[in-house]
Number of protein chains: 2
Amino acid sequence: MPRPSRAHHRRGELIAAARQAVLDRGVLDVRLRDVADLASMSTGSVLYYFPSLGDLLFEVQREAVERFCVDREEAARQESDPRGKLVRTIRAGLPSGKDDELCVLLYELGAYARRDPAYAAQHIRLCERQVALYTAILETGAATGVFDLGRDATTIARGLVALEDGLGLHLTQAVPTFTVPQAEAVLLAYATDATRCELEA
Amino acid sequence: MPRPSRAHHRRGELIAAARQAVLDRGVLDVRLRDVADLASMSTGSVLYYFPSLGDLLFEVQREAVERFCVDREEAARQESDPRGKLVRTIRAGLPSGKDDELCVLLYELGAYARRDPAYAAQHIRLCERQVALYTAILETGAATGVFDLGRDATTIARGLVALEDGLGLHLTQAVPTFTVPQAEAVLLAYATDATRCELEA
DNA sequence: CGAGTTCTTTGATGACGACTCAAAGAACGC
DNA sequence: GCGTTCTTTGAGTCGTCATCAAAGAACTCG
């Protein structure tokens, strides 16, 4: 019987190290050496577990996408009232700034999604799950009568997701274009107008 | 008297070559060699005109930002009616897809804006000019009575700009999340709700 | 406990890329 | 033409990714 392999666990450690390396140095500057150092091993060892740095980064993205979706679905579940759910989901989707690791990671790795279909597929999955989340909230609220949707819920949901993405892009820049409260105001304004329901607290 | 320098003209050519190189290979893969080849000169010559590839790319960004702003301001001037102006500006701001060179360029180089304040400053300038453009249109329309703004024009304008950015991000991926018509619908829906004015043609 | 198999680590090596630099070459004013 | 200045070049340096073969560690089974 073969000696048991610890590769799975090791790969997990490397994904975590790579994640940190991207946050530290940015996707443009991250080196195999950075990952190796963070994981306290040689560069050769890193490549024993992943064929290339690119493959490792892909796994980083996959994990980040998954965690982001789960976190938000979790945040939404905390509330039962559609209005509260909507506000909470909006707040959970906007990055808190450059320190918001998960969001920064997704934007950093987004550079690959522009050229690599596999990366793009993850982004699509991410986006669609969020659209589904918002759509469900909107439709529940519409059924209850809290929300008065002037159009189909999917269009509104897509808008919310894209708006978060756009605002997040600005919030995570070296020098942000807006403050977080300004971004929140924009998003709440959108949601208020689209649902014809007073949301702003 | 010193021999006249052609450096300015040469730098312009190099910026154009670098621009194309980024579009061809992506910001993650662009090499000095690509730029040199496109400009039909040696890599050493490129570095005679720019201290490093990074400095050259920065100039590419500066030009792209400027051109984007000018193009849109131009597009808005084509109409006098605020409603038409708004629709036209919206259409001009959304990328047509991966082939929309100016937009792709801005997104590609956006990777630098997350870490380099000089890049971020350009993005801020870009954003603020667009916000100003939309704000002017919205306020004119409000004064005329065509638009009924439920809140301050700046918040709406910021939302339009961020929404374009977010939608554009998805439209320029290797595999887009939405189609262009879907994105346009989202944007027009937002504008319609915010202005309480029927825009969709 | 020890042999044998399998898993893991490593550093040497090759290929490639950015950037430096000194020297050659071209263009212009005088 | 002459001399100055601008431009081009490619060789050399250094740092990086990725391949690979050999050494080392860990575990199973007899």
Side-chain angles (χ1 to χ4, degrees), chain A residues 1-62 108-109 111-112 115-116 118-119, chain B residues 1-62 108-109 111-112 115-116 118-119:
Chain A
M1 197 185 175
R3 166 187 169 191
S5 170
R6 214 158 268 208
H8 183 74
H9 178 254
R10 221 79 170 101
R11 268 191 265 270
E13 291 178 339
L14 282 174
I15 292 172
R19 177 190 135 83
Q20 192 57 50
V22 170
L23 291 170
D24 289 349
R25 317 235 337 156
V27 79
L28 291 163
D29 289 326
V30 69
R31 291 165 305 174
L32 193 50
R33 153 124 261 120
D34 301 316
V35 180
D37 286 352
L38 282 170
S40 306
M41 58 173 92
S42 70
T43 60
S45 292
V46 177
L47 293 171
Y48 170 73
Y49 291 103
F50 292 91
S52 75
L53 178 56
D55 294 273
L56 173 49
L57 294 183
F58 182 70
E59 295 306 314
V60 172
Q61 198 220 18
R62 186 205 298 288
E108 285 286 336
L109 295 170
Y112 286 102
R115 312 194 75 81
D116 183 333
Y119 275 90
Chain B
M1 199 187 175
R3 165 187 169 190
S5 170
R6 214 162 268 202
H8 183 74
H9 178 254
R10 220 79 171 105
R11 269 190 265 271
E13 291 179 339
L14 281 173
I15 292 171
R19 176 190 136 82
Q20 191 57 50
V22 170
L23 291 170
D24 289 349
R25 316 238 335 158
V27 79
L28 291 163
D29 290 324
V30 69
R31 290 165 305 175
L32 195 50
R33 154 124 265 118
D34 301 317
V35 180
D37 285 352
L38 282 169
S40 306
M41 57 173 92
S42 70
T43 60
S45 292
V46 178
L47 293 171
Y48 169 74
Y49 291 103
F50 292 91
S52 74
L53 179 55
D55 294 273
L56 173 49
L57 294 184
F58 182 71
E59 294 307 313
V60 172
Q61 200 222 18
R62 187 205 298 289
E108 286 285 335
L109 295 170
Y112 286 102
R115 313 194 75 82
D116 183 333
Y119 274 90

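Chain naming here is simple, since letters A, B, ... match the order of the sequence lines and numbering starts at 1 in each.
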Integer-rounded Å distance: [N] [atom2] and [X] [atom1]:
X	N	atom1	atom2	result
A:L56	D:dC17	CG	C1'	13 Å
B:R6	C:dA26	CZ	C1'	11 Å
B:M41	D:dT9	CE	C1'	12 Å
B:E13	D:dT7	CD	P	12 Å
B:L14	D:dT8	CG	C1'	12 Å
A:D29	C:dA18	CG	P	13 Å
B:L47	D:dT7	CG	P	15 Å
A:R31	D:dG15	CZ	P	10 Å

Any Lys/Arg nitrogen of A:R6 or A:E13 sitting under 4.0 Å from an Asp/Glu carboxylate oxygen of the other?
no
Once you apply a heavy-atom cut-off of 4.0 Å, does B:L53 come out as touching a base, just sugar-phosphate, or nothing?
sugar-phosphate
So what does B:S45 touch, heavy atoms closer than 4.0 Å: a base, only the sugar-phosphate, or nothing?
base
Between [X] and [N], does any side-chain N or O lie under 4.0 Å from OP1 or OP2?
X	N	result
B:R33	C:dG17	no
A:Y49	C:dT9	yes
B:R10	D:dT8	yes
B:Y48	D:dT7	yes

Using every non-hydrogen atom in the two residues, find where A:L53 and A:R31 come nearest and quote the distance to one decimal.
CD2-C, 4.2 Å
Tell me every residue that passes side-chain hydrogen bond (donor to acceptor under 3.5 Å, both in side chains) with A:D24, counting only those two or more places apart in sequence or in another chain.
A:Q20
As an exercise, state the distance from OH of A:Y112 to CG of A:L57, rounded to the nearest 0.5 Å.
5.0 Å
Which sits closer to the 5' end of DNA chain C, B:T43 or A:V46, going by the nucleotide each is nearest to?
A:V46
Among the candidates D:dT7, D:dT9, C:dC19, find the nucleotide nearest to the side-chain atoms of B:S52.
C:dC19
Does some side-chain heavy atom of B:I15 sit less than 4.5 Å from a side-chain heavy atom of B:R62?
no
